[in-house]
Amino acid sequence: MLDACFLGPYGENDQLLERLMVEFLRDHVHWRRNFHPEDPPAIPTRAAQHPAYQAFEARMRRELHQLSAALKRSVPFHSPRYIGHMVSDLLLPGLAAQMLTLPYNPNNVSEDAAPVTLQLEMQVGLQLARMLGWPDDPQRADCAFGHLTSGGTLANYQALRLALALKAFPVALRAADVPELALPEDDWQAFNLAPAEGIALFQAWQQWLAAQPSGQRQHWRAQVECRRIEHLGMAEFFQRHTQLRPPTVLAPITAHYSWSKGLKMLGLGRAQLQLLPTRGMRLDADALTAAIDTCQRQRQPVLLAVAVLGTTEYGTIDPVDAVVAARADAAQRGLGFSIHVDAAWGGYLTTLFRNPDGSLRPLADMRREYRQFPQPEVHAAFAALAQVDSVTIDPHKLGYLPYGAGAFVCRDHRAIPLLAEQADYVFHGDDSAGGNGANGRNSDANNAAQYHARYRQLGQFIPEGSKSGAMAAAVHVSHRVLPLDHHNFGLISRHTVLAAEAFIAGAAAFARQMAGSAHVLVPFQPDSNLVCLALNRHGNRDIARANAFVRRLQEQLRSDQSQPLQVKQFFASTTTVQRALAGTDDMGRILAGLGLDPATLGQDEGSDRLLILRHTLMNPYLIDRENGISYIQRYFAYLATLITALTSAPVRTAGHHQLEFPPR
Ligand SMILES: *Cc1c(COP(=O)(O)O)cnc(C)c1O
């Protein structure tokens, strides 16, 4: 089956893609012609003979040829020699669906502009929800909801917006002094409800509002709207509510920099982002508990706790289960907050943990298929996804789809109307579906009708406005062809984990081979398909020199516009390890393993962190069974030649530092 999934490193499936493209381009043209076949062609049939037409065509061809030629300098993401960043070959079903849809140009901002693809986007949200173990039937009142974004950055931002809206809304309800509703006693309580309580209160408010005569309804809606944080802005809101302070976001120090961006965009400021230490590059659960305790003691509200499922730099998996437990404990003590899992990278690995019927695979079943994966902690983290509030997943990473596809999914869609740009959420759209509980009609069919009616105006709820419907088509078709369980999409994910395990075994053999010329170390137990490699020349104790050594390797392993592409043997990326990230113990262990002197850490500029190689093992052809080639073995063989070339020069004394490592 995998043979048909991708265009292939050699373009093996070119015929398949070409047939699909021609077939559906013709299909599109037929559609145009059949719209009103009685309309005569607007472009004259003789137009192509006109010199101006021909000149235009010539110019267009010239530019396209130039573009096509220039693109040959692109990075060959499709190749199994590329193990650098989080990108690889593209899944044919998604690529074909996107190309097929482009000429129809649907705009998923609203159903008026995208009668077909907006429905597909909603389906994608439900497909992802099912993968995560969430309610995915819109007939259920608490069904999940998800939508696409330009990428993980905006999906994370959406998580912040939603968490803030839900947190602050009860405060506005109190300030408006809405009668008859059971409101929290004071601002502190209102601002620190558990998400489920916040949603319940929002529901109660909508039902109360719907039951009012229309004049009263308008009055009360306006009373509440003008007191919301989204209306007043942070400054005015917190000035009015002196019991409250701007809430903080708790995230591991390994979190992606989109979290810092998000806090800036939201206007909370990145000072509100509290980065917690890790152990082995996984969020330290004790540090989280301690941070929550401190928040509670200092009456510091928490907006969101973030766990990362597959860190960008190290591929490590945070203990989502521990975050869920800490949250439950805090809620008991009156400090409620939401949990978001940033699974931009690791989200699709959830397919490995799902049976086709949606149930979770037991650890023992999974362990039979791998050497190490999944560690019990990793299994527990994926199992706990069912209990978090929202998740970011990037189809343009481990979903193998073109860029421009991130996804935000939340477990209970009933909070989403809080994001509506027009606050007439009670009767706008819902009306057609028979009202929102005004007459107690909450049948299953009614729920589903409301769900679909509401998100017809998707642009109301998302950070973007106009957006690609072709992208939604691509993700939808891809998930239909490869359902998100271990029998289908999981076969691809499985390859990546097996490749990572082969890489780890290869690294151990490589370390033995290099003994005497270089120290080689996998610095962290990789939880998924991203493996780092720390290196140091034998006999060197100095961190700055170790970094210079890895930088020399990096020069050979990164894209270089000054040389023909074919000169490149392999692509890898780099990252760094710092004491602040790894913790003192881990840092000490890594330095010792490399024969480095910890005293040289931070001695001068360029030595405050350790430079290491980083490998993203997502290419499906890393182990080429057809030809009996392992690109992983070839990579290590290539690294060995590079290292031998670098180390065969005699080790120079510190005085010759500049000679050995000329500044670039
Ligand atoms: C890639 C990544 C992001 C950002 O996603 P973009 O699609 O690049 O915007 C956020 N979080 C994590 C963990 C990531 O790996």
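All heavy atoms count here, side chains included; hydrogens, waters and symmetry mates do not. First listed ligand is number 1; within each ligand, the first listed atom is number 1.
In this pair, Tyr455 and Phe461 present their aromatic rings perpendicular. The plane angle is above 60°, beyond the 30 to 60° band. Note: Phe571 and Tyr82 have tilted aromatic rings, judged against thresholds of 30 and 60 degrees for the angle between ring planes. Between Phe382 and Phe353, the angle of the ring planes stays under 30°, which puts this pair in the parallel group of the 30/60° scheme.
Under a 3.5 Å cut-off, the side chain of Thr248 and the backbone N or O of Gln272 do form a donor-acceptor pair. Remark: side-chain polar atoms of Lys167 are paired, donor with acceptor, to backbone N or O of Val302 under 3.5 angstrom.
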Criterion ring-ring contact (aromatic ring centres under 6.0 Å, His included) on Tyr400 and Phe6, from CA distance to verdict: CA-CA 9 Å; Tyr400 298 86; Phe6 298 93; 5.4 Å; yes
Note every protein N or O atom lying under 3.5 Å from an N or O atom of ligand 1, pairing the names and giving the distance.
| residue | atom | partner | partner atom | Å |
| --- | --- | --- | --- | --- |
| ligand 1 | 5 (O) | Gly152 | N | 3.3 |
| ligand 1 | 5 (O) | Asp394 | OD2 | 3.3 |
| ligand 1 | 7 (O) | Gly152 | N | 2.8 |
| ligand 1 | 7 (O) | Asp394 | OD2 | 2.6 |
| ligand 1 | 7 (O) | His396 | NE2 | 2.7 |
| ligand 1 | 9 (O) | Gly152 | N | 3.2 |
| ligand 1 | 9 (O) | Thr153 | N | 2.8 |
| ligand 1 | 9 (O) | Thr153 | OG1 | 2.6 |
| ligand 1 | 11 (N) | Asp342 | OD1 | 3.1 |
| ligand 1 | 11 (N) | Asp342 | OD2 | 2.7 |
| ligand 1 | 15 (O) | Thr312 | OG1 | 2.9 |
| ligand 1 | 15 (O) | Lys397 | NZ | 2.8 |

